[in-house]
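The chains referred to below are lettered A, B, ... by the order of the sequence lines, with proteins before strands, and numbering in each begins at 1.
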Amino acid sequence: MEYIKANNLKLTKYKYPIEENLISDLINLIKNYLSGKKVNLYDKINDLNVHLNIKDEFSTDFALKVIDHLINVKYGEITSYSEIGKVIDSRAYRAIGNVLKRNPFPLIIPCHRVKRKNGVGGYMGKINNEWQQNLKKYLLKMESKI
DNA sequence: CTACGCTCAGATA
DNA sequence: TATCTGAGCGTAG
């Protein structure tokens, strides 16, 4: 089993040795996804026997519950901060956002599929009309959920 | 302990 | 409709 840590994705420094063809497989997956192919990235990288070291990235119990639920939100599906709250039995909607804000695997851990009750909501730490939010809207539109 | 935040429902105009 | 308020609560520092 092979693990990838968040900083590995910068392709600058590897904590674990990763084969070159695995990297190109990963790149192709993401290219396919961004070009509109209906692939669920999290499942696909599991198919490549790549497993994210989630427990290293999210320390608290609360955060792990949020992420555990989120990785089961598949391509084209949608959830909301309050819906996640319902599942994990918490009303800390903003705290859920604070967890997702530190998601080291955007696209793969699909925090773009978490919408605000009224509107789209923030993405990658931003709540205003920055490029991050436009990307979130783009992804949702691509998955036909806007 | 404090202050903050990818939220929400309700109030107000 | 749009904008404002306070409740709510987990977390980093």
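- Under the Watson-Crick or G-U wobble criterion, with both distances below 3.5 Å, C:dG8 is left unpaired in every strand shown.
- The side chain of A:S82 places an N or O atom within less than 4.0 Å of a non-bridging phosphate oxygen (OP1 or OP2) of B:dC8.
- Atom CE in A:M124 sits about 18 Å away from atom P in B:dG5, given to the nearest Å.
- Rounded to a whole Å, the CD1 atom of A:I96 is 17 Å from the P atom of B:dG5.
- Considering only side-chain N and O atoms, A:T60 lies under 4.0 angstrom from the phosphate OP1 or OP2 of C:dT11.
- Base engagement by A:Y81 is indicated by at least one non-hydrogen atom pair under 4.0 Å involving a base atom.
- Between the C1' atom of C:dA12 and the CZ atom of A:F62 lies a distance of 14 Å, rounded to the nearest Å.
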Step-by-step side chain to side chain contact (heavy atoms under 4.5 Å, CB included) determination, A:L100 to A:I67: CA-CA 8 Å; A:L100 301 183; A:I67 299 304; 4.2 Å; yes
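- Distance A:R91 CZ to B:dG5 C1': 19 Å, rounded to the nearest Å.
- Listed for the A:K136 side chain is a donor-acceptor partner under 3.5 Å among the backbone atoms of A:G122.
- Note on A:K117: only backbone sugar-phosphate atoms sit closer than 4.0 angstrom, heavy atoms only; bases stay farther off.
- Distance CZ (A:R102) to P (C:dT11): 9 Å, rounded to an integer number of Å.
- Spacing between atom CZ of A:R94 and atom C1' of B:dA9 amounts to 14 Å, rounded to whole angstrom units.
- Surrounding NZ of A:K74 are more than 12 heavy atoms belonging to other residues, nucleotides or ligands, all under 6.0 Å away.
- As judged by a 4.0 angstrom heavy-atom cut-off over every strand, A:L100 is placed among the base-contacting residues.
- Summary of the strand contacts: A:N98 and A:N118 both lie near DNA chain B, and taking for each the nucleotide with the nearest heavy atom, the more 5' one is attributed to A:N98.
- In this structure, CG of A:N128 is placed 15 Å from C1' of B:dT7, rounded to the nearest angstrom.
- One atom, NZ of A:K65, and another, P of C:dG10, lie 9 Å apart when rounded to the nearest Å.
- For the side chain to side chain donor-acceptor pair (under 3.5 Å) criterion with A:E143, the lone passing option out of A:Y75, A:Y138, A:Y33 is A:Y33.
- In this structure, A:I127 and A:R116 have side chains that are not in contact, with every pair of non-hydrogen atoms separated by 4.5 Å or more.
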